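These values consider heavy atoms only, across backbone and side chains, with no hydrogens, waters or symmetry-generated copies. Source: prediction; values computed, not measured. For the single chain, residues carry numbers from 1 onward in sequence order.
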Amino acid sequence: RAGGLKAAKPGDNSKDVSVQRALNEETLVSAAQKVKEAGRDFTYFIVVLVGIGVTGGLFYVIFKELFSSSSPNKIYGDALEKCRSHPEIIGVFGDSIKGYGEATRRGRRQHVSHIEYVKDGLKHMRLKFYIEGTESGKQGTVHVEVKENLETGRFEVRYIFVDVETYPRRAIVIEDNR
């Protein structure tokens, strides 16, 4: 009796047939539900994979932009530190020197102007940013050029100099490796 059908009695056939029909419909519904659930699970799996891919891409871009030795922001930071520690720059601009990039429409000055190019098979990059110090009205434009070292794959400074934009106008050479 457990799992099987009763032996058919002459007047009891309709009951057995309806039980068997109900079991067949139940297996069809459960198979359809299984396919539906599997499709939903697969869709969730694809959404999770796309999310992981986008997150990984964002982390890669952030790491490359902030921590790579070849990013304009990294080169800008290194050049600004060299400017802040140079005695002649400190004498002209004062102790507290801040650097900033080009002004945008919203008044923010975060974008450091840079251009990348290839010369003689080597990557080069030129940057231009601005500095000012505690001395009133003293401003300067910093020009930096770096080129790629084939052995290490890192950028090395070719030159850093500062154009003092106030009187007396002059250029202060911080580093020249040309």
Side-chain angles (χ1 to χ4, degrees), residues 39-178:
R40 189 175 344 132
D41 290 345
F42 183 72
T43 304
Y44 290 154
F45 178 70
I46 294 298
V47 168
V48 168
L49 279 181
V50 168
I52 290 172
V54 168
T55 303
L58 286 173
F59 280 130
Y60 172 75
V61 168
I62 289 170
F63 177 79
K64 183 179 177 192
E65 189 64 29
L66 295 178
F67 302 112
S68 172
S69 66
S70 62
S71 84
N73 286 330
K74 178 72 172 165
I75 295 168
Y76 159 75
D78 293 344
L80 183 59
E81 284 305 313
K82 288 182 181 182
C83 289
R84 286 178 176 159
S85 64
H86 195 270
E88 195 172 349
I89 297 292
I90 293 171
V92 171
F93 293 97
D95 288 333
S96 178
I97 297 171
K98 65 179 181 175
Y100 53 91
E102 300 288 334
T104 62
R105 291 181 186 171
R106 295 182 177 182
R108 296 186 178 128
R109 301 182 293 188
Q110 297 172 343
H111 177 71
V112 176
S113 175
H114 70 281
I115 184 169
E116 297 179 40
Y117 62 95
V118 177
K119 181 179 174 185
D120 299 330
L122 296 174
K123 292 181 186 177
H124 288 70
M125 188 183 310
R126 286 187 184 155
L127 284 88
K128 180 175 89 170
F129 62 93
Y130 307 97
I131 59 172
E132 61 184 33
T134 54
E135 294 290 323
S136 63
K138 296 285 186 175
Q139 295 178 339
T141 304
V142 180
H143 301 275
V144 181
E145 183 173 335
V146 294
K147 76 174 181 178
E148 182 182 35
N149 184 342
L150 289 178
E151 295 172 3
T152 62
R154 302 177 138 237
F155 280 107
E156 294 178 347
V157 175
R158 287 195 64 210
Y159 61 78
I160 301 174
F161 68 90
V162 178
D163 282 332
V164 180
E165 296 175 0
T166 54
Y167 185 79
R169 290 184 170 264
R170 60 186 168 147
I172 301 172
V173 177
I174 296 175
E175 189 171 337
D176 192 358
N177 298 322
R178 289 181 274 183

Inset, instruction - Any chance you could measure T141, atom OG1, to F129, atom CZ, to the nearest 0.5 Å? - result: 10.0 Å
Cut-off 3.5 Å, no hydrogens considered: what does the side-chain donor-acceptor table look like for residues 41-58, sequence neighbours left out?
residue : atom : partner : partner atom : Å
T43     : OG1  : G39     : O            : 2.9
T55     : OG1  : G51     : O            : 2.8

Inset, instruction - For residues R126 and K128, determine if any side-chain heavy atom of one lies less than 4.5 Å from a side-chain heavy atom of the other. - result: no
Legend entry - Within-4.5 Å side-chain heavy-atom neighbours: E156 and N177: no
Legend entry - salt bridge (Lys or Arg N to Asp or Glu O under 4.0 Å) against E165, all qualifying residues, sequence neighbours excluded: none
Inset, instruction - Report yes if some heavy atom in the side chain of H124 is under 4.5 Å from a heavy atom in the side chain of F155; otherwise report no. - result: no
Legend entry - Heavy-atom pair of closest approach, residues V173 and H86: O-NE2, 3.8 Å
Legend entry - Over all atoms of both residues, closest heavy-atom pair of Y76 and Y100: OH-N, 3.7 Å
Legend entry - Check: I131 and I89 side chains under 4.5 Å, non-hydrogen atoms: yes
Legend entry - Non-neighbouring partners of D95 that pass side chain to side chain contact (heavy atoms under 4.5 Å, CB included), sequence neighbours left out: I90
Legend entry - Shortest non-hydrogen contact from T134 toward G94: OG1-CA, 3.6 Å
Legend entry - For I97 against C83, the heavy-atom pair lying closest together: CD1-O, 4.2 Å
Inset, instruction - Kindly compute the distance separating NE2 (H114) from CG (N73), expressed to the nearest 0.5 Å. - result: 8.5 Å
Legend entry - Point-to-point distance, once rounded to the nearest 0.5 Å, from NZ of K123 to CG of N149: 13.0 Å
Legend entry - Those residues that, when tested against H143, pass ring pair (Phe, Tyr, Trp, His ring centres under 6.0 Å) (two or more places apart): F161
Legend entry - Within 6.0 Å of OH in Y167, more than 12 heavy atoms from elsewhere: no
Inset, instruction - With rounding to the nearest 0.5 Å, note down the distance linking CZ in R84 to NZ in K98. - result: 10.5 Å
Legend entry - With sequence neighbours excluded, residues passing side chain to side chain donor-acceptor pair (under 3.5 Å) with Q139: E132
Inset, instruction - Any chance you could measure L127, atom CG, to L80, atom CG, to the nearest 0.5 Å? - result: 11.5 Å
Legend entry - Nearest heavy-atom neighbours spanning V144 and A79: CG2-CB, 3.7 Å
Inset, instruction - Answer yes or no: are there more than 12 heavy-atom neighbours, outside I115 itself, under 6.0 Å from its atom CD1? - result: no
Legend entry - side chain to side chain donor-acceptor pair (under 3.5 Å) partners of E148, counting only residues at least two apart: none
Inset, instruction - Flag the pair T166 / E135 as yes when at least one side-chain heavy-atom distance between them is below 4.5 Å, and no otherwise. - result: no
